Amino acid sequence: VASNVISDIQYYIDQLPTTSEQLKQSDAQIATALFAMGCLYQEGLEDLPMAIKTFEELERRFPSDERIADAYFLLYQMYKKQDESAQADWYRSQLVRRFPKSNYAKVLGRPDYEQSLKMMVATQDSIYEQTYNAYLHNHFDSVRINMDYIKQEYPLSTLVPKFQFLAALSKGKQGNNVAFEQELNTLIEEYPQSDVSAMAKSILAMYA
């Protein structure tokens, strides 16, 4: 039994990263796991304290990770929900200062950012419904205008990928296959986690 234990221990020791490339890959996997855990705590389990703790651990260990801006915005939202204004404002200011070209900064840097976020929640569904109906009736100019409006005024809307998907489908309906594929690829690149991006990948696979 003892030899088996020693053998098992050696197996796990052999799995430890030693080279710089292995350490880089290990860090990337840890960062991805932390972000996924934070999202799970926030959305799936609705455990905001644990979500906050996890996202802040991500920021502490991997301050240069590509998802830090996303983590800051989620932290801003959660602290706001818990009426902890000082912490929420800190993360808002960090977004504006560190990521000035991001969609987060475009919204949270506005003097009326709170009103803008409220308007987004109140109007995004109705604008999407109008846009979908415009698509069904082949009013493609309206689809494009509404998409541009949402991306300009409410870039943080979770419905932005759906607007972009409708704009891409509009190109397909008009027979412009090159623009259709280009727009689908742009959608996948900009919103890789969106459910409509998965649909876009399936459509593009049919053209391959």
Side-chain angles (χ1 to χ4, degrees), residues 25 28-45 51 55 58 62 64-77 95 99-108 116-117 119-208:
Q25 291 177 357
Q29 291 172 352
I30 293 171
T32 296
L34 283 171
F35 187 81
M37 285 173 57
C39 292
L40 176 62
Y41 280 127
Q42 181 193 18
E43 299 173 5
L45 302 177
F55 283 126
L58 171 67
F62 307 104
S64 299
D65 187 84
E66 62 183 7
R67 289 155 294 207
I68 289 300
D70 298 323
Y72 277 2
F73 181 66
L74 294 171
L75 285 163
Y76 161 78
Q77 287 184 310
L95 275 169
F99 307 97
K101 295 183 179 180
S102 69
N103 285 332
Y104 299 121
K106 290 177 184 177
V107 175
L108 297 180
S116 178
L117 290 173
M119 284 297 295
M120 178 187 76
V121 173
T123 63
Q124 62 181 355
D125 288 333
S126 63
I127 296 174
Y128 179 75
E129 184 177 353
Q130 294 170 16
T131 308
Y132 184 70
N133 285 329
Y135 167 76
L136 291 178
H137 291 89
N138 298 331
H139 298 158
F140 302 125
D141 287 343
S142 295
V143 172
R144 177 66 55 175
I145 289 169
N146 287 355
M147 183 198 73
D148 290 342
Y149 172 78
I150 285 291
K151 292 185 76 171
Q152 176 66 35
E153 295 299 319
Y154 307 120
L156 301 185
S157 171
T158 56
L159 297 182
V160 168
K162 296 183 185 297
F163 280 91
Q164 194 146 337
F165 188 55
L166 287 180
L169 293 179
S170 296
K171 293 296 184 183
K173 256 191 168 186
Q174 294 174 85
N176 191 337
N177 291 336
V178 173
F180 176 50
E181 292 185 39
Q182 288 176 341
E183 298 235 10
L184 289 178
N185 280 312
T186 299
L187 169 63
I188 294 167
E189 181 181 347
E190 294 183 355
Y191 307 98
Q193 304 303 320
S194 172
D195 55 348
V196 292
S197 288
M199 296 171 63
K201 289 178 183 178
S202 296
I203 293 171
L204 287 172
M206 296 170 61
Y207 282 80

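Keep in mind that what you see is a predicted model, and the values were worked out from it rather than measured. Position 1 is the first residue of the sequence; numbering continues from there.
- Residue pairs meeting the salt bridge (charged side-chain N to carboxylate O under 4.0 Å, His left out) criterion with at least one partner in residues 126-140, sequence neighbours excluded, are absent.
- The two atoms that bring Lys173 and Asn138 nearest to each other are NZ-OD1, 3.1 Å, heavy atoms only.
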Problem - Full working for side chain to side chain contact (heavy atoms under 4.5 Å, CB included) between Leu159 and Ile150 - result: CA-CA 9 Å; Leu159 297 182; Ile150 285 291; 6.0 Å; no

Handout entry: Evaluation steps, side chain to side chain contact (heavy atoms under 4.5 Å, CB included), between Met147 and Leu166
Key = CA-CA 9 Å; Met147 183 198 73; Leu166 287 180; over 6 Å; no

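- For Tyr191, the OH atom sits in a packed shell: over 12 heavy atoms of surrounding residues, nucleotides or ligands are nearer than 6.0 Å.
- For the pair Leu58 and Ala71, the tightest heavy-atom approach, listed with the atom from each and the gap, is CD2-CB, 4.2 Å.
- Atom OH of Tyr135 and atom OH of Tyr128 lie 10.0 Å apart (nearest 0.5 Å).
- Applying the side chain to side chain contact (heavy atoms under 4.5 Å, CB included) rule to Gln42 yields the partners Leu48, Ala51, Phe55, Leu74, Gln77, Met78; only residues at least two apart in sequence or on another chain are considered.
- Considering CD of Gln164 and CG of Leu184, their distance stands at 9.5 Å, rounded to 0.5 Å.
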Practice task
Just do the side chain to side chain contact (heavy atoms under 4.5 Å, CB included) check on Leu108 and Phe73 with the steps written out, would you?
Solution key: CA-CA 9 Å; Leu108 297 180; Phe73 181 66; 4.0 Å; yes

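- Evaluation of the side chain to side chain contact (heavy atoms under 4.5 Å, CB included) rule for Gln174 yields Phe140, Ser170, Lys171 as partners, not counting sequence neighbours.
- Between the CD atom of Glu43 and the CG atom of Leu45 there is a distance of 10.5 Å, given to the nearest 0.5 Å.
- Looking at residues two or more places apart in sequence or on another chain, you find no ring-ring contact (aromatic ring centres under 6.0 Å, His included) involving Phe62.
- Annotation: the span from Asn103 atom CG to Gln152 atom CD amounts to 9.5 Å, rounded to 0.5 Å.
- Contacts classified as side-chain hydrogen bond (donor to acceptor under 3.5 Å, both in side chains) and involving residues 175-184 (residues at least two apart or in different chains) are given here: Arg144-Glu183.
- Pairs passing the side-chain hydrogen bond (donor to acceptor under 3.5 Å, both in side chains) check and including a residue from residues 153-162, sequence neighbours excluded, read Gln124-Ser157, Lys162-Asp195.
- Every residue two or more places apart in sequence or in another chain that forms a salt bridge (charged side-chain N to carboxylate O under 4.0 Å, His left out) with Asp65 is listed here: Arg67.
- Within the 4.5 Å cutoff, the side chain of Leu169 has heavy atoms near those of the Phe180 side chain.
- The shortest distance between side-chain heavy atoms of Leu187 and Pro161 falls below 4.5 Å.
- Residues satisfying the salt bridge (charged side-chain N to carboxylate O under 4.0 Å, His left out) criterion with Lys151, sequence neighbours excluded, are Glu190.
- In this structure, OG1 in Thr131 is found 11.0 Å from OH in Tyr149, a value given to the nearest 0.5 Å.
- Residues passing the side-chain hydrogen bond (donor to acceptor under 3.5 Å, both in side chains) test with Ser116, sequence neighbours excluded: Arg110.
- For Ser102, the side chain to side chain contact (heavy atoms under 4.5 Å, CB included) partners at least two apart in sequence or on another chain are Phe99, Tyr104, Ala105.
- Here the straight-line distance linking atom CG of Leu117 with atom CG of Leu156 works out to 6.5 Å at 0.5 Å rounding.
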